[in-house]
Structures are given as C-alpha cells and as structure tokens.
Protein chains: 2
Amino acid sequence: MARAQAHEDVFRAIADPTRRAILDRLRAGPAPAGALASDFKQSRPAISKHLRVLREARLVSEQRAGRERVYTLDPMPLQRVAGWVEGYRSFWQVSLSNLKRYLEGK
Amino acid sequence: MARAQAHEDVFRAIADPTRRAILDRLRAGPAPAGALASDFKQSRPAISKHLRVLREARLVSEQRAGRERVYTLDPMPLQRVAGWVEGYRSFWQVSLSNLKRYLEGK
DNA sequence: CCATTGTGTAACTGATTGGTTACGTATCAC
DNA sequence: GTGATACGTAACCAATCAGTTACACAATGG
C-alpha cells in the first residue's frame, strides 16, 4: 500500500531537497512566490506545489499582499524533527568514541 | 520528473514512519531481521525492504551470524539532519517569543 | 475597460514508493 | 541428506510524487 494521509507530516515535507532549499532560502526573510520560483530552475507551478506541501506542514505561512503571496518561514514544526533526532545524539557520540578506539588500534 | 538517485539520502530514509520506528527499536540494541519484522504488523519482506533503505542510507549495519542477519543502529548520518535543523533553532526561539509577545497582547 | 502581472490549480505523465505473494538460498538440527 | 528456519529478492500492483503545460482569476496600471 502506501503512506496514510501523510499530508502535514514534517518529515515528509523536508524529505525533498528542493523544499529544504526553499526553507533555507526563507531564512533570509519572507519572499513572494514568484521570487522563490525564479531562484529554482524548476517551473513556477512546481515551486507552487512545493509551497503547498510546506504550507500544509505549517512550515511556511502565506500572507496575501495585493496580487503577491508572501511566504514566511515558520520553523516551529521542525522542533518535532529536532526532538526526534535528539534521541540519537548520545548514540552517535558513542559511535565516535568507538571509532576512535578502533583507529587507535585498541 | 522525480528525485535523482536519491538512495542513501538520510532525509528520505527517515521520511517513512515505519523506518523511524525501526531505528527507534534498534536503540534498545541490535536485533535480527526476523525479530524486527515481528514487531511490525507488516509482512517480513516489507521490513526487509525498509532495512535495505536504512542500510543504503548507512543508518544501520548488518552482521551475519549463522542464518541470522543482525542489524545494528548507526546514527552517524543523523548528524546531517541534526546539523540542518540546528540552523533553524534560533528561528523558532524567535517564533516563540513573538507568540509570547502576541499572547501578552503587546 | 483592457492588457499585464502574479499566482494557484487542473489535467496529465513517468518514476518511485511501499506493500504483497512467490521463490531462491544458506544454515541449523537431526 | 532432509526438513525446517531465517533471510533476501524478484515480480507485480496500486497509490503517490514531482514535474510539466494549459488554464482561471484577481489585482495593477494605463
């Protein structure tokens, strides 16, 4: 089968490199859809669809300003990702010290 | 079109909830494929395929022991995720303090 | 009003995903 | 050797993805 109604899932939203790039781009400040689109070689509708996914995951918010739609970064949902990954931090520290011991030929 | 040769991409690997659950499960210690499979309601081959994806992303390693294949968590690639998300931490702190100010009716 | 600009959406497409069942193969227990 | 066990993988399938082009529509600028 396939994933459930996986909309709004942060992990899925950030799985796509283009969407991560859009978020990265928005760290410099809010931007209208067109400006974002022209930063990426893909077509404008493609970016529009990525923005929709990000919107559904609540990673960006949209303000209408005249005929523009300005997108603003909302990083809050990323806390869920940060929280999940955090649970592994201690493990990769162990991994590192294991590697060190191994390299030291111990 | 579609993603490039997106194998080995950590972000893609952790996009699936079942795969995240497998990783979570492996934090308790290494486990053979069969044991993992019986923890998840999906069929054994389905889990086997998830394990393959995790393997390609180098999030787990496989040791053969007799007829078993024991999987061990390797969290190192998660550092890339942690690093990426880290770049947003300051932003969500801003988001929080904005919210606070807003709630305080300021 | 009319043309232009900025944008979302519909319709379509090929690739990929995540699942299944059926099969192949190596190891263990006898 | 034989049968059971623990796997991975092939073949297949429906659903979803990420893109495209064509279209609709609201706001601006004359």
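A note on names: the letters A, B, ... follow the listed sequences, proteins ahead of strands, and every chain is numbered from 1.
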- A/Phe91: what forms a ring pair (Phe, Tyr, Trp, His ring centres under 6.0 Å) with it, not counting sequence neighbours? none
- Query: What pairs with B/Arg58 under salt bridge (charged side-chain N to carboxylate O under 4.0 Å, His left out), at least two apart in sequence or on another chain?
  - Reply: none
- Message: Between P on C/dG8 and CZ on A/Arg55, what's the gap in Å once rounded to a whole number?
- Response: 6 Å
- Task: Residues of residues 39-52 of chain B with any non-hydrogen atom less than 4.0 angstrom from an atom of DNA chain C: list those, numerically ordered, please.
- Result: B/Gln42, B/Ser43, B/Pro45, B/Ala46, B/Lys49, B/His50
- Query: What integer distance in Å separates A/Arg69:CZ from C/dT7:P?
  - Reply: 9 Å
- Go through the structure and list residues passing salt bridge (charged side-chain N to carboxylate O under 4.0 Å, His left out) with A/Arg89, not counting sequence neighbours. A/Glu86
- Could you state the atom-to-atom distance from CD of B/Gln63 to C1' of C/dA26 in whole Å? 18 Å
- In whole Å, what is the span from the CG atom of A/Asp16 to the C1' atom of D/dC17? 9 Å
- Item | B/Leu54 side chain reached by B/Tyr71 side chain, heavy atoms, under 4.5 Å | no
- Item | Distance, rounded to the nearest Å, where A/Glu68 contributes CD and C/dG8 contributes C1' | 15 Å
- Using the salt bridge (charged side-chain N to carboxylate O under 4.0 Å, His left out) rule, collect all pairs that involve residues 68-81 of chain B, keeping only residues at least two apart or in two chains. B/Glu62-B/Arg69
- Message: Within the 4.0 Å heavy-atom criterion, would you say B/Arg19 contacts the bases, only the backbone, or no part of the nucleic acid?
- Response: sugar-phosphate
- Query: If only side-chain N and O atoms of B/Tyr71 are considered, is one of them under 4.0 Å from the OP1 or OP2 phosphate oxygen of D/dA6?
  - Reply: no
- Task: With sequence neighbours excluded, tell me which residues meet side chain to side chain contact (heavy atoms under 4.5 Å, CB included) with B/Glu56.
- Result: B/His7, B/Arg52
- A/Arg20 has an atom CZ; how far is it from atom C1' of D/dA18, in whole Å? 15 Å
- Query: Taking the nucleotide of DNA chain D with the closest heavy atom to each, which residue, A/Ala15 or B/Glu62, is nearer the 5' end?
  - Reply: B/Glu62
- Do B/Leu36 and B/Leu26 come close enough that some side-chain heavy atom pair is under 4.5 Å? yes
- Query: In whole Å, what is the span from the CG atom of A/Asp9 to the P atom of C/dT17?
  - Reply: 16 Å
- Donor-acceptor pair (no angle test) under 3.5 Å: A/Arg67 side chain, C/dT7 base: no
- Round to the nearest Å and state the distance from B/Ile22 atom CD1 to C/dG18 atom P. 11 Å
- On DNA chain D, more 5' by nearest nucleotide between B/Gly34 and A/Gly66 is B/Gly34
